Amino acid sequence: MKLPSAYQPEKYEGDIYALWENSGVFKPSNRGHDDYYSLTLPPPNANGDLHMGHALTVAIEDSLVRYHRLQGKAALYVPGADHAGFETWVVYEKKLAQEGKSRFDYSREELYRQVWDFVQKNKHNFEAQLRALGASVDWTRFTFTLDNKVIGTSYQTFKKMWEDGLIYRGSRIVNYCTFHGTSFSDIEVVHEEEKTNLWHIAYPLADGSGEVVIATTRPETKVGQAALMVNPKDKRYKHLVGKEVQQPLVPDKNIKIIADEYVNMDFGTGVVTVTPGHDPNDYEVARRNNLPMLELITTEGKLSNNVPQEFRGMTVTVARQTVVEALKKKGLLRKVEDYTHSVGKCYKCGTVIEPLLREQWFVKMQPLATRAIEELKAGKIDFYPKNKKDQIIRYLSELKDWNISRQIPWGIPIPAFQNTEDASDWIFDARVHEESIEVDGKSYKRDPDVFDTWFSSGQWPYVTLDYPSGDDFKSHYPLSLMETGFDILYQWVARMIMLGLYVTGEVPFKTVYLHGMIVDKSGQKQSKSKGNVSSPLEIISEYGSDALRIGILNGQSPGNNQLFMPSKATGGRNFANKLWNIARFVEDKVGDNHHLKSTPTPSSRADHWILSRLNHASTEISKAFEAYRISEAYEVIYSFVWHDLADWYIEASKVQTNPSMLAYLLDSTLKLSHPFAPFVTETIWQTLAWEGDSILADQLWPRPVQFNALAVAEFKSVIGVITEARHITKALGVGRPKLYFNSAPLIEEEGILITLLGRLGGALKAQGSERKGLKLTNSGYDAWLDIDNLAAMNYLSSLREKQVVRQETIKRLQARVSNPSYASKAPKALVEQSHAQIEEEKQLLTSLDTEIKKIVKAIEI
RNA sequence: GGGCACGUAGCUCAGUUGGCUAGAGCGCCACAUUGACGUUGUGGAAGUCGGGGGUUCGAAUCCCUCCGUGCCCACCA
């Protein structure tokens, strides 16, 4: 089969992926290895397109899974898609708005169905993109986060938690986005520094004996306070505790001054208002002191009916100005200071988060977190980079209870029903498709909320493996690896660990690998709004899928952000092309020997040498993969393919061809390269006559082969001679000098090779004893290049530079060796090595000195 | 306020428990080349390893400190 001179990825990639998928090679099967290797793709948003972050994820994960598959392990890579509750809902609600509709125009069921259809329509995009990236996932195991098995397991877990007393329903201050109309967990709130004011407001004492001044950033909430409070230790206010003050803007409603440790005496005036309905700390204070919980701000972000008539219905921003004005008018505004503090905002729309008192479902985190910390400290999970383990432990040890209720229609309905007669009576029931149910003659109404997405995706590792009785769960759990971005370490990884331990009793995965973010030239994260995104598909269509994967893996290290620009893919494209042309050369040489068995049958020195390089590459790649140093693994294969195989062995093959060796080397090289460049390697494999109908993706990693160490050493010498000859001819700018030698059988035997690769006029045995030209001073042979004295003179300076370097090296080494502390403290082997090196350097220096003298003498004549 | 990471050639990055003259790719310069590949080959130039101090026979690597960059957590009204 004749191959075109350049690899054209677009011509083959589609067919190659179809071949893999149809042949079932991505299904796990043990081939000569008892172990398994398993991981799940972090499910991308079913509704969206894949971005460079996904390409990075796939490049890392797929290279690993392909490597382990080639090891013969039962490799399982589970694909999936995320319904991405809130994320998708935001997109859909925008779409509704564009159509002039809103969520209030439809029932919850209707909305759910609409979004479902919407997602189903878009889902094919990312599936096609995942194939384009070459992800070796088993599509028959595809899991969607709204599949019945996911919902079922989520419900079981919720029920178990309910029964174990880990779930409670309570009124708590939650983070509420008034734009999106839902609450968030703490982690979904972003904090931003904002410049505002600190308003000092006077509260007149009820008995007319003076006033108390408080400082606040939120004057709009000063229209309905529960109390004022001071620190019990604060001498300034001790006499006021228990007294009452008038609320400045609320007529006839006096409030008490209480004492609570929570107050910081050094901040502001040392007096604070208590606003239990809108501040988590105040809420706790109010509970301790039996104060009323007043709702001042509604879920729409407007002042409620619990405030004086004139402020009702105002937005927070308007109310703030109005209240300040009113206070000013009343002469109660004492001072306005500039103040900068951070404000919680919705991570999606930037609306300021209102802390509101809401009834929600909470998970008690402390027992779950404690267990997770224990297992982490016991070293049950390896982290790359390893400092992320400490980070996650720190997070877990400060974790607060988790609000899992979301007030949106898109997600897994919470399987809880409330007694219509008794608001405190909640029951678990999975009949969520019913709006109300009857149990024991009592009527119950369904909770309209859905789970936080992370509640279900936190169970991903075992849900996808069909916990508890599925075969995959028995054979592939815990997962070998969880690979994802470090930005969801807390949201996702931490929750998977806690839930995995809680539900299955085991850690859900043995290793966590966290990649950084793809950033642009200025270090900015790629995002649509910044317009700095590269699309994986565009890169693939221009350079090829392998090129994208290599471009993104090269220079990748866990935990660090990385820059990507399209030009990075050129390196990968060139590598693929190099493999392609190596294959063309090999197939040309092997020619019609279709019966050829590709076994290593080394005969020449080059044959033995390349086998030693191949063994070395294979071992080093394995080591790097086992240590999750993927970029390093790529560097090893790159340098083997390019510099050992192509630059030396293939060149040497032009002098002496060994077809069975070439076939064997091509086979092995394709296997070693496959994890990085799956498409081009498989494309080539499919053209190999001697491999029949087999598929590269499920071959086995090459085994170490025998070679002759002496032959290897000799070939290294040949390389040395060739390299030195190149240096000299290059430095002198001379054409193709002849190489003469005396009693150097190696040079004699490899004369043709040396002549060709060293670009020489020939390698000839010297006649008689006369030597002329330049001696090879590096190689240690009695051999010299036939170069006339005039040209040699030009070379003198470069030789003298070498002389100086060599002298300095010797001096430095001698200084080291003669240092008594070095001799006594450094490892013996190292000291011996230094001595040996001095000897070696001295010999080479002598040879160099002689050569210089000779040239000088020749010139003088 | 607390924590983490990073700073190595013009650019992107390696550099494992301290150990030989600090590496790679890209870019740059020069040269070569008629059959695997110009997506090529050969050779070369290029680094105060962010600054300073310390430990050590020996530091890019360990410690201290300062500077710069990025991120995370918490948030006192």
Side-chain angles (χ1 to χ4, degrees), chain A residues 3 5-7 186-187 191 198 214-218 221 229 262-275 279 281-282 339 341-344 385 387-388 390-391 394-395 398 486-487 489-490 516-517 519 521 523-525 543 547 554-557 559-565 567-568 570-571 573-589 623-624 627 629 631-632 635 638-639 642 646-647 650-651 653-654 723 726-727 729-731 733 757-759 805-806 808-809 812-813 815-817 819-827 829-831 833-834 837:
Chain A
L3 301 175
S5 70
Y7 172 55
D186 293 343
I187 208 153
H191 294 272
L198 203 52
I214 61 109
T216 183
T217 54
R218 301 207 60 182
T221 63
M229 62 178 165
Y262 164 70
V263 181
N264 177 354
M265 293 187 277
D266 302 324
F267 190 88
T269 62
V271 190
V272 204
T273 60
V274 185
T275 317
D279 181 288
N281 296 309
D282 289 9
Y339 187 63
H341 69 154
S342 68
V343 179
N387 67 303
K388 295 289 176 190
D390 294 334
Q391 205 173 307
R394 210 171 309 119
Y395 169 76
E398 292 166 359
F486 66 51
D487 54 331
L489 177 63
Y490 302 145
M517 303 294 110
V519 296
K521 198 97 191 149
Q524 299 279 308
K525 189 175 165 177
Y543 299 91
N554 196 4
Q556 201 281 331
S557 64
N560 291 323
N561 289 346
Q562 61 184 314
L563 186 114
F564 187 85
M565 30 193 187
S567 62
K568 279 202 159 187
T570 56
R573 181 199 57 182
N574 295 355
F575 180 71
N577 190 60
K578 195 75 177 175
L579 286 171
W580 183 257
N581 277 288
I582 288 170
R584 288 179 67 214
F585 179 86
V586 172
E587 293 190 46
D588 183 50
K589 293 294 176 199
K623 262 199 240 167
R629 299 146 86 97
S631 180
E632 205 170 290
E635 278 173 31
Y638 175 89
S639 126
W642 207 290
D647 290 348
I650 297 242
E651 290 307 317
S653 289
K654 291 174 182 170
T723 308
R726 282 171 180 169
H727 283 201
T729 50
K730 190 81 184 180
L757 299 200
R759 303 193 175 284
V805 170
R806 211 140 246 167
E808 277 171 359
T809 307
R812 202 185 47 247
L813 285 168
R816 180 183 302 164
V817 170
N819 180 337
S821 318
Y822 177 74
S824 59
K825 289 184 186 171
L830 201 63
V831 177
Q833 201 185 336
S834 302
Q837 201 187 347

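Worth saying up front: this structure is predicted, and the values here are computed from it rather than measured.
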Mind checking the C1' distance from B:A45 to B:G53? Whole angstroms is fine. 34 Å
Earlier contact from the 5' end, RNA chain B, for A:N554 and A:Y7: A:N554
Tell me every residue that passes side-chain contact (heavy atoms from CB on, under 4.5 Å) with A:N387, counting only those two or more places apart in sequence or in another chain. A:P385, A:Q391
Mark yes or no for a side-chain to base donor-acceptor pair under 3.5 Å between A:S5 and B:C37, with no hydrogen or angle criteria applied. no
Listing time: all N or O pairs from protein to nucleotides 17-23 of chain B that are below 3.5 Å?
residue : atom : partner : partner atom : Å
B:C20   : O2   : A:Q837  : OE1          : 2.7
B:C20   : O2   : A:Q837  : NE2          : 3.2
B:C20   : N3   : A:Q833  : NE2          : 3.0
B:C20   : N4   : A:Q833  : NE2          : 2.9
B:U21   : OP1  : A:R812  : NE           : 2.6
B:U21   : OP1  : A:R812  : NH2          : 2.4
B:U21   : O5'  : A:R812  : NH2          : 3.4

Quiz question: going by heavy-atom distance under 3.5 Å, is there a donor-acceptor pair between the base of B:A24 and the side chain of A:E632? no
For nucleotides 5-9 of chain B, which of its nitrogen or oxygen atoms have a protein nitrogen or oxygen under 3.5 Å away, and what is each distance?
residue : atom : partner : partner atom : Å
B:A5    : O2'  : A:N560  : OD1          : 3.3

Looking only at N and O atoms, is any donor in the side chain of A:K730 or the base of B:U42 less than 3.5 Å from an acceptor on the other one? yes
Tell me every residue that passes side-chain contact (heavy atoms from CB on, under 4.5 Å) with A:V271, counting only those two or more places apart in sequence or in another chain. A:V212, A:I214, A:L228, A:V230, A:Y237, A:T269
Using atom C1' of each nucleotide, how far apart are B:C20 and B:G3 to the nearest Å? 39 Å
What integer number of Å spans the C1' atoms of B:A14 and B:A60? 12 Å
Using Watson-Crick pairs (N1 to N3, plus N6-O4 or O6-N4) and G-U wobble pairs, both distances under 3.5 Å, which stems of at least 3 pairs involve RNA chain B? B:1-7 with B:67-73, B:10-13 with B:23-26, B:28-32 with B:40-44, B:50-54 with B:62-66
side-chain contact (heavy atoms from CB on, under 4.5 Å) against A:N574, all qualifying residues, sequence neighbours excluded: A:W642
